[in-house]
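Predicted model, so just to flag it, every value in this text is computed and none were measured. Every chain is numbered from 1 and lettered A, B, ... according to where its sequence line falls, protein lines coming before strand lines.
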Amino acid sequence: MVENKNTVPEEKEVKKLNFLEQIIEEDLKNPIYNNTILTRFPPEPNGYLHIGHAKSICLNFGLAQKYNGLTNLRFDDTNPSKEETEYVESIKEDIHWLGFDWGDREFFASDYFDQLYEWAEKLIRDGYAYVDDQSAEQISKNRMTPQEPGIESPFRNRTPEENLDLFRRMKASEFKEGERVLRAKINMSSPNMHMRDPIMYRIMHVHHHRTGDKWCIYPMYDYAHGQSDYIERISHSICTLEFEVHRPLYDWFLDHVYEEGTVRTKQREFARLNINYTVMSKRKLLELVKDNHVNGWDDPRMPTISGLRRRGYTPASIRLFAEKVGVAKRDNIIDMGLLEYCVREDLNKIAPRVMAVLDPVKIVIDNYPDDKAEEMEVINNPEDETQGSRMLPFSKEIYIERNDFMEDPPKKFFRLAPGREVRLKGAYIIMCNSVVKDDEGHITEIHCTYDEDTRSGGPASNRKVKGTLHWVSAKHAIDAEVRLYDRLFSDENPDGHKDKDYKEFINPDSLQVLTNCKVEPSLKDTKPLTHFQFQRLGYFCTDKDTTAEKPVFNRTVTLRDSWAKKNK
RNA sequence: UGUCCGAUGGUGUAAUUGGCAACACGUCUGAUUCUGGAUCAGAAGAGUCCAGGUUCGAGCCCUGGUCGGACAACCA
């Protein structure tokens, strides 16, 4: 089997398949698949999508792309009491923004209510389903616990005729909510609780966002989901691990409607995404929003798609992240650092560099003419020449970052200090001569001199100095607000504590608003969602709160900072 | 105490399906740099949860444990 070892490989990329790809490739050997697959992304429209959904979206659309197939978007709208059209719009927006398109393959589980109902009648006629008159509490109680068998309902052995009659009357609105349900007749002593005569239909006198008041009985997830998959002829129904226990039930329902010669939908499960220092359940995210711990679903601290977008994440960065985290079946907690790596990776290539000083301190260049002003040509992005250059005004008074100056610096400090020189990026080398302080001892002004020959591109411009600072001309700068974000939780795994509520770990300092920032004039009228690198600081993104009078920027992520790291 | 699933460097994912553990992130060096960024070069770090067994050979197979997760909504 290793015969042609010495034919030697032209180092072709080793394709390592994840377990889903292996299953698919195995399946595809069967001609019934016709060499193609059909996946689906099935959100319930009861909340906003988060990065965990992004993983699933990338997986489902990605797999389909890879194997010559398509992906359906199907809203799992079987519980009208929790679902709203507002959510379906946001979900569609987020998927498109991520870069995926389902064309006209947009469906709703509610599209299939008629078919589902017919199949339910068939199950009743065949003796596989019955109407139960017990209360919710009784049903639940009689299911008992996983280690002891359940108790059969006294209504379990009604005749198909009686069941059919009752079921039709349920549909005809003759009963109140909770009075009756339709149950599958499977096995009350199965060790798998989902097989203990699961409920198929319940009565809900609730208006549905799409079917209006047509129905007062609605199918449960287990019944609706699998059958919807089959109706759409989904080949691979990929979901998260918690549904693994549902699989026998999924298959049981499918057995009762399956037609020979058709593709039989296969459900397979993968481990959901977890990221440290955040939470990833819709319920908890909703709670953070409702209790005002954050400012809405798109708060830049939220792991929602809309939050990440507002924070300044790009679709490509999230897709890269989804690829990097991989897919498997073991529990995982991904390091937030990986997500950050992914944005930096993308933004480094595309974000123009600009000058912004977040915590300004004034520098006066004593030997620079009082009313002189120059325009310095600076490169927009050293990683991408096609982004060209722009002009940046320079004058006698400039601002630099307060922490770029130290009166009494440690040996490895490469920035400005008395008697030291630094380069002002794109301009001159300056030397610090003196410092002016107020009564309290706070530095109010730093006096420097510049060397005219060191202007970028000038005769002495390649003189070596240790540090290069970003800066902004005082009289040309515009004021801006900058919002800095930190992790939302102070604990690595906020909902991993049995005795403590995750909310106890909310980081009180996750948002810091700086209102006294100075940015270069080119940033005057930027549109929300524009990405920049604030030179030496990090990647920033114009916020939707920005106005002509006061631009607002969100910090997406800092630059890697080996200096800060060293000083920890 | 029931059933199902899982266990590989700090984190995540691989290992041609039995051939002496690889990739990415992170970490640490060094080079380079008008961003303490980026880039480039290199290093450290696991012997695969444990114990047996099969085999010339086990991360992959078998047995028994241990630990972790999921499951007892008229939620999805």
Is A/S81 near enough to B/C75 that one of its side-chain N or O atoms lies under 4.0 angstrom from OP1 or OP2? no
Measuring from atom CZ of A/R415 to atom OG1 of A/T468, what distance do you get when rounded to the nearest 0.5 angstrom? 11.0 Å
Could you point out which residue of A/Y399, A/F405, A/F534, A/F394 forms a ring pair (Phe, Tyr, Trp, His ring centres under 6.0 Å) with A/W471? A/F394
Record whether the side chain of A/R415 comes under 3.5 Å of the base of B/G36 through a donor-acceptor pair of N or O atoms. yes
Tell me whether the side-chain N/O atoms of A/R283 come closer than 4.0 Å to OP1 or OP2 in B/A73. no
Within the 4.0 Å heavy-atom criterion, would you say A/R560 contacts the bases, only the backbone, or no part of the nucleic acid? sugar-phosphate
Sugar-phosphate only, base, or nothing, as touched by A/E179 at under 4.0 Å among non-hydrogen atoms: nothing
Mind checking ring pair (Phe, Tyr, Trp, His ring centres under 6.0 Å) for A/Y450 and listing every partner two or more places apart, or none if nothing turns up? A/Y368, A/Y428
P atoms of B/A7 and B/A15, separation to the nearest Å: 12 Å
Give the rounded distance in Å between these two atoms: CG of A/N332 and C1' of B/A7. 13 Å
With the criterion set at under 5.5 Å between ring centres and under 30 degrees between planes, would B/A76 be stacked on A/Y221? no
Could you list the residues that satisfy side-chain contact (heavy atoms from CB on, under 4.5 Å) with A/H205, not counting sequence neighbours? A/S173, A/E177, A/I203, A/C216
Whether the side chain of A/Q533 and the base of B/U35 hold a donor-acceptor pair under 3.5 Å is what I'd like checked. yes
About how many Å separate CD1 of A/I275 and CG of A/N493, when rounded to the nearest 0.5 Å? 12.5 Å
If I take atom CG in residue A/N192 and atom P in nucleotide B/A72, what distance separates them, rounded to the nearest angstrom? 10 Å
Roughly how far, to the nearest 0.5 Å, is the CD1 atom of A/I199 from the CG atom of A/L182? 9.5 Å
Does A/E269 reach a base, just sugar-phosphate, or nothing at all? Heavy atoms under 4.0 Å. nothing
Where the side chain of A/A328 is concerned, which of B/G37, B/U13, B/U17 is the nearest nucleotide? B/U13
Would you please confirm or rule out a distance under 4.0 Å between OP1 or OP2 of B/A76 and any side-chain N or O of A/R202? yes
Measure from the side-chain heavy atoms of A/L338 and tell me the nearest of B/G37, B/C75, B/C25. B/C25
Distance, C1' atom - from B/U8 to B/C20, rounded to whole angstrom: 16 Å
With sugar-phosphate meaning primed atoms plus P, OP1 and OP2, does A/V325 contact a base, only sugar-phosphate, or nothing at under 4.0 Å between heavy atoms? sugar-phosphate
Rounded to whole angstrom units, what separation is found between the NZ atom of A/K324 and the P atom of B/A14? 14 Å
Counting the atoms with a prime plus P, OP1 and OP2 as sugar-phosphate, which does A/N462 contact under 4.0 Å by heavy atoms, base, sugar-phosphate, or nothing? nothing
Dot-bracket for RNA chain B, 5' to 3', counting Watson-Crick or G-U wobble pairs under 3.5 Å, with [ ] for crossing pairs and | for inter-strand pairs? .((((((..((((.....[..)))).(((((.......))))).....(((((..]....))))))))))).....
Roughly how far apart, to the nearest Å, are B/A44 and B/G10 at atom C1'? 13 Å
Ring pair (Phe, Tyr, Trp, His ring centres under 6.0 Å) against A/F107, all qualifying residues, sequence neighbours excluded: none
Rounded to the Å, how far apart are A/Y341 OH and B/G26 C1'? 11 Å
Could you tell me whether the phosphate oxygens of B/C34, OP1 or OP2, come under 4.0 Å of any side-chain nitrogen or oxygen in A/K464? yes
Can you measure A/R196 atom CZ to B/C74 atom P for me and round it to whole angstrom units? 13 Å
Identify which nucleotide among B/G2, B/A76, B/G36 has an atom closest to any side-chain atom of A/T78, counting heavy atoms from C-beta outward. B/A76
Using whole Å, what does the distance between atom C1' of nucleotide B/C75 and atom NE2 of A/H246 come to? 10 Å
Using atom C1' of each nucleotide, how far apart are B/A14 and B/C25 to the nearest Å? 15 Å
Could you tell me whether A/E421 and A/K466 make a salt bridge, using a distance below 4.0 angstrom between a side-chain N and a carboxylate O? no
Using the P atom in both, what is the distance from B/G45 to B/U32, to the nearest Å? 28 Å
Students often get this wrong, so: under 4.0 angstrom with heavy atoms, is A/S135 touching a base, only sugar-phosphate, or nothing? base
I need the full list of salt bridge (Lys or Arg N to Asp or Glu O under 4.0 Å) pairs touching residues 273-287 of chain A, with sequence neighbours left out, sorted by first then second residue. A/R283-A/E287, A/K284-A/D495, A/E287-A/K503
Side chain of A/Q147 only, heavy atoms from C-beta on: which candidate in B/G2, B/A14, B/U35 is closest? B/G2
Tell me the interatomic distance from A/N403, atom CG, to B/G36, atom P, rounded to whole angstroms. 12 Å
Looking at residues 238-245 of chain A, who's got a heavy atom less than 4.0 Å off RNA chain B? A/E242, A/F243, A/E244, A/V245
Please measure how far the P atom in B/A51 lies from the corresponding atom in B/U13, and state the result in whole Å. 25 Å
Which whole number of Å gives the distance between the C1' atom of B/A24 and that of B/A46? 16 Å
Measure the spacing between OH of A/Y87 and NE2 of A/H209 and express it to the nearest 0.5 Å. 13.0 Å
Return yes if the base of B/U8 and the side-chain atoms of A/R330 contain a donor-acceptor N/O pair under 3.5 Å, otherwise no. yes
A/Y539 has an atom OH; how far is it from atom P of B/A38, in whole Å? 8 Å
Take atom P in B/U1 and the same atom in B/A43, then report the distance between them in whole Å. 49 Å
Side-chain atoms of A/K329 come closest, of B/U35, B/C5, B/U11, to B/C5
Counting the atoms with a prime plus P, OP1 and OP2 as sugar-phosphate, which does A/V465 contact under 4.0 Å by heavy atoms, base, sugar-phosphate, or nothing? nothing
